[in-house]
J.: 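I'd like to ask you about the structure that follows.
Order of listing sets the numbers, starting from 1, for every ligand and every atom in it.
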Amino acid sequence: MKKNFYITTPIYYASGRLHIGSSSSTLISDALKRYKKSLGYDTRFMTGLDEHGQKVEKKAASKNLTPKEFTDKLAKNAKDLWAYIDCDYDYFVRTTDENHIKQVQDVFELMLKNDDIYLGSYDGLYCVECETFFSQSEVGEEKLCPECGRPVQNVKEPSYFFRLSKYQDKLLDYINAHPNFIQPEGKKNEVVAFVKQGLQDLSVSRSTFKWGIPIKSDPKHVVYVWVDALFNYLTALNFLNDDKSLYEKYWLNSEVVHVVAKDILRFHAIFWPIFLMSLNIPINFTLFAHNWVLMYGEKMSKSKGNVIFPKTFVERYGVDAFRYYVLREFPVLSDLICTPEDFISRYNTDLVNDFGNLVSRSLSMAEKYFSSSVKRKEIDSEYISDLKNEMNNTIQVFHEDMNSFRVDKALQDINKLVSRTNKLIDETMPWALYKENKMEELEAVIYSLLEAIRVETTLYIPFLVNTTPIIFSSLGVTTGTIKDLVPYETKEFNITKLSSPLFPRENDPKKAIDEIIESMAYELTQEA
Ligand code: MSP
C-alpha cells in the first residue's frame, strides 16, 4: 500500500505582502513534499490564509475595504506568489471558507460540551499585531509586546476560556513519550521549559469586534483567531464533515508534518496538541520549527525598509536560483542573514561554477569524443570506484538529512558529490586520454561523469524544479525518481547539448548588488 504524507505551512495572515521570510516555510514544505513524492508517497501539501481577527480588520479599514474585499485580494496575491516560485500545493485553505467556518463552530460547541471551555471575563493585555494575550510581567513597565515590540492594548471584555491548565501534565507526558514530536531538539526544550512554568487558561473568544467566526451558541462572541486558525489543518481534511475520507487518509493514516517558524512555536506545540486532546483526536503530527530569515541581521519590516520580496531575486536569476539559495541557507538552527552579496556568491559558486559548469563540460565532451552516445563502461580505476562509493554514500546521507528537515545539509551533500565529480575531470584529464587514443578508459570516465550528473540531478528534483527536467532531457534519459535511484544503472546516454547555460554567470556582482538594492526599494513602494 502507498504511504501517505501530509505537510502544511502556517496559514499566513492576510495582512500584507508576503516576503522572502514567509516564503521560507512554503519553500521547505514544497521541497519536502516533492522529496516524498519522488519516494513514491501519496502526498498532500497545504497552505492558505488566516483571514480573521482584529489585525486583518484594522488593515482592511485602513485601505477603505471591507475585510472580505481585502482578504480576497490577498488570497489571490498569495496564490500568484506560490505559483511564481513553483510551490506545488494541493489545497489552499482560507479561514473565510464556509467549510472551515462551519467546522470551527462545531469544534467550539464540542469543547463547551466537554467542559473544556467556560465563560468568564478577560481583563488584561493584548498585542493586535501578534494576536496574542500577554501577562503584565511579559510586557514590562513600558507595556510593549515581547514579540514585536509594539505597544499592547488593555482589553476588558466577557470571554470564554479554555482550561489549558487541566492538560499541562498530559502534554508533558506526551512530549516525553514522543521524542521526535517537536524538532529540532532545542525547540522542544524551550517548549518543555515553558510548560513547566505552568499554563494559564486561555481566552478563546473576543466580544469587542466582529471580524471572526461567531460562536453558534453565543454569537456575541467570535472565536479567538488562533483557535480558528489552528483548526485549518483539520477542517481542510473535512474532519467533522460526513465524508471523512481525506481525514482518514491524510491524518489518521499518514505522516503529518506542520512547518512553522519559531515565533509561532508555542501555539503549535502547546495549544494545538491540547485542543486535539480535548476532542480526542490523535496528535498525529511532527512539528518542525525553524528560525527566521533576516535582512542584514534585522527582522524584515516595511518601516525599516529592509524587506526582500522574492521577485527581486527571481527576475534576475530565475526561480531555481532563488529556491536554491533559500533552501541551501535554510535557517534551521540559527537565523539566516540574507544579503544580496551572499545570494550572488552562492549562485556564482555553487550553481554557475560547480554544477552548471560540470554539466556543460561533460555534455560537450560526450558530444566531442563519442558523437553524443555514451555506453555503460566500467574499468578498474581507483578514481572511478571512489566516485562510485561517493555516490552511494551521498544518497544515504541525503535521505537522513531530508528526513530530519535538514534541507541545507542535503544540498551540501549533493554539492560535495558535485565537487568530487569535478575532481574526476582533473584526475583523469579526458582530453589527454583522447589524444593518447585510450578510448575505453575515456568512455568509462565520461560515462561516470554523466552518471554522477544523473544522480545529482535526481537528488536536486525537490529543489531545482525547472532545471532538472532540462538536464534529464539533455542526458537522453527519462526523468528518474529518488526512490529508484541506483548508481551505474544507466545503459546508455544520448546527449543533446544545452541550448543556453543552465545558470548564466553574474559577471558584475558590484553592479548587481546596487540594482538589487534599487529593486528592493522599488518593491517596497508597491501595494500588497
Ligand atoms: N497566521 C499566523 C499563523 C497561523 S498557523 C495556524 C501567523 N501568520 S504570519 O503571517 O504572521 O506568519 C506566518 C509564518 O511566517 C510564521 O511561521 C512566521 O514566523 C513566518 N515568517 C514571517 N516572517 C518571517 C521571517 N522573516 N523569517 C522566517 N519566517 C517568517 O503567524
Side-chain angles (χ1 to χ4, degrees), residues 7-29 46-57 59 71 74-75 77-78 81-82 87 92-96 100 104 107 127-132 145 147-148 150 187 211-213 223-236 256-273 275-276 285 287-302 304 306-310 325-327 329-339 407-408 528:
I7 188 155
T8 65
T9 72
I11 49 170
Y12 303 95
Y13 282 125
S15 59
R17 191 167 167 199
L18 294 167
H19 50 62
I20 180 171
S22 8
S23 304
S24 62
S25 294
T26 312
L27 278 176
I28 193 172
S29 305
M46 196 180 69
T47 187
L49 275 200
D50 189 354
E51 303 188 18
H52 290 128
Q54 228 175 337
K55 167 173 164 150
V56 174
E57 191 182 65
K59 282 262 160 68
T71 61
L74 291 186
N77 291 353
L81 175 63
W82 305 141
C87 286
F92 189 96
V93 69
R94 298 183 56 183
T95 53
T96 50
H100 172 79
V104 168
V107 162
C127 172
V128 175
E129 189 62 26
C130 300
E131 298 282 13
T132 306
C145 169
E147 290 292 336
C148 71
R150 293 179 175 83
K187 296 287 189 289
W211 184 236
I213 300 182
V223 176
Y224 171 41
V225 65
W226 267 102
V227 178
D228 169 350
L230 284 165
F231 273 93
N232 88 85
Y233 303 129
L234 281 174
T235 60
V256 180
V257 175
H258 295 317
V259 173
V260 298
K262 61 183 176 184
D263 51 332
I264 56 173
L265 169 65
R266 287 182 195 170
F267 297 94
H268 285 82
I270 300 173
F271 301 170
W272 182 225
F275 293 159
L276 295 178
F285 68 88
L287 185 63
F288 169 61
H290 62 80
N291 281 12
W292 280 334
V293 182
L294 307 179
M295 171 72 188
Y296 291 122
E298 286 193 77
K299 182 137 203 254
M300 289 188 210
S301 95
K302 274 201 169 180
K304 287 187 201 137
N306 66 349
V307 181
I308 310 189
F309 298 103
Y325 171 75
V326 174
L327 295 166
E329 297 292 336
F330 199 81
V332 180
L333 299 178
S334 46
D335 292 333
L336 158 60
I337 312 230
C338 168
T339 65
V407 287
D408 55 329

J.: Test your reading of the structure: does N291 have an N or O sitting under 3.5 Å from an N or O of ligand 1?
T.: no
J.: Output yes when the distance from some N or O of ligand 1 to some N or O of M300 is under 3.5 Å, and no in every other case.
T.: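 Between M300 and ligand 1 (N or O atoms, distance only) the closest approach is not under 3.5 Å.
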J.: Could you label the plane-to-plane angle of the W226 and Y13 rings as parallel, tilted or perpendicular, counting under 30° as parallel and over 60° as perpendicular?
T.: perpendicular
J.: Where on Y233 is there a heavy atom closer than 4.0 Å to ligand 1, on the side chain, on the backbone, on both, or on neither?
T.: side chain
J.: Using 0.5 Å steps for rounding, measure from the NE2 atom of H19 to the CG atom of L81.
T.: 11.0 Å
J.: Once you round to the nearest 0.5 Å, how far does CZ of F231 lie from OG1 of T95?
T.: 14.0 Å
J.: Check A261 against ligand 1 and report side chain, backbone, both or neither, counting heavy atoms closer than 4.0 Å.
T.: both
J.: Could you grab the distance from atom CG of L276 to atom CZ of F285, nearest 0.5 Å is fine?
T.: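 One finds 6.0 Å between CG of L276 and CZ of F285.
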J.: If I apply the N/O under 3.5 Å rule, does A229 come out as touching ligand 1?
T.: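 Not met; the criterion fails.
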J.: Can you list the atoms of ligand 1 that are under 4.0 Å from a heavy atom of D50?
T.: 1 (N), 2 (C), 4 (C)
J.: Does ligand 1 have an atom that lies less than 4.0 angstrom from a heavy atom of E131?
T.: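 No, E131 has no heavy atom closer than 4.0 Å to ligand 1.
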J.: Could you give the distance from CG (L265) to CG (N291), rounded to the nearest 0.5 Å?
T.: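 Here the rounded value is 10.0 Å.
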J.: Could you establish whether H268 and ligand 1 come within less than 4.0 Å of each other, counting only heavy atoms on the residue side?
T.: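 In this structure, H268 qualifies as a contact of ligand 1 - some heavy atom is under 4.0 Å.
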J.: Under the 3.5 angstrom rule, does the side chain of H268 hit a backbone N or O of F288 as a donor-acceptor pair?
T.: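 The answer is no, because no donor-acceptor pair under 3.5 Å joins these two groups.
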J.: What is the nearest protein non-hydrogen atom to atom 29 (N) of ligand 1, stated with its residue, atom name and distance?
T.: G21 O, 3.3 Å
J.: Could you identify the single nearest non-hydrogen protein atom to atom 16 (C) of ligand 1 and state the distance to 0.1 Å?
T.: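 The answer is I264 CD1, 3.6 Å.
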J.: Do me a favour and list the nearest non-hydrogen protein atom to atom 19 (O) of ligand 1 with residue, atom name and distance?
T.: D263 OD1, 2.3 Å
J.: Among all protein heavy atoms in this structure, tell me which lies nearest to atom 23 (N) of ligand 1, with the distance rounded to 0.1 Å.
T.: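 The closest heavy atom on the protein side is H19 CE1, 3.5 Å.
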J.: Do any N or O atoms from the side chain of E51 and from the backbone of T71 form a donor-acceptor pair under 3.5 angstrom?
T.: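 Judged by distance alone, no pair lies under 3.5 Å.
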J.: Drop me the distance from Y224's OH to H52's NE2, to the nearest 0.5 angstrom.
T.: 15.0 Å
J.: Spell out, as yes or no, whether a donor-acceptor pair under 3.5 Å connects the side chain of S24 to the backbone of G21.
T.: yes
J.: Determine whether any heavy atom of W226 lies closer than 4.0 Å to an atom of ligand 1.
T.: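 True for this residue.
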J.: Parallel, tilted or perpendicular: which describes the rings of F267 and F271, with under 30° parallel and over 60° perpendicular?
T.: perpendicular
J.: Is Y12 close to ligand 1, meaning an N/O of one under 3.5 Å from an N/O of the other?
T.: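 Y12 vs ligand 1: no N/O contact under 3.5 Å.
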J.: Can you tell me the protein heavy atom closest to atom 26 (N) of ligand 1 and the distance?
T.: V293 O, 2.9 Å
J.: If the threshold is 4.0 Å, N to carboxylate O, is there a salt bridge linking K55 and E131?
T.: no
J.: Considering non-hydrogen atoms of the protein only, which is the closest contact for atom 9 (S) of ligand 1, and what is the distance?
T.: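 It is Y13 CD1, 3.6 Å.
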J.: Which one holds for K262 and ligand 1: side chain close, backbone close, both close, or neither close, with close meaning a heavy atom under 4.0 Å?
T.: neither
J.: Just wondering, do L74 and Y12 contact through their side chains at under 4.5 Å, heavy atoms?
T.: no
J.: Below 4.0 Å from ligand 1: does a non-hydrogen atom of W272 turn up there or not?
T.: no
J.: Among all the protein's non-hydrogen atoms, which is closest to atom 2 (C) of ligand 1, and how far away is it?
T.: I11 O, 3.5 Å
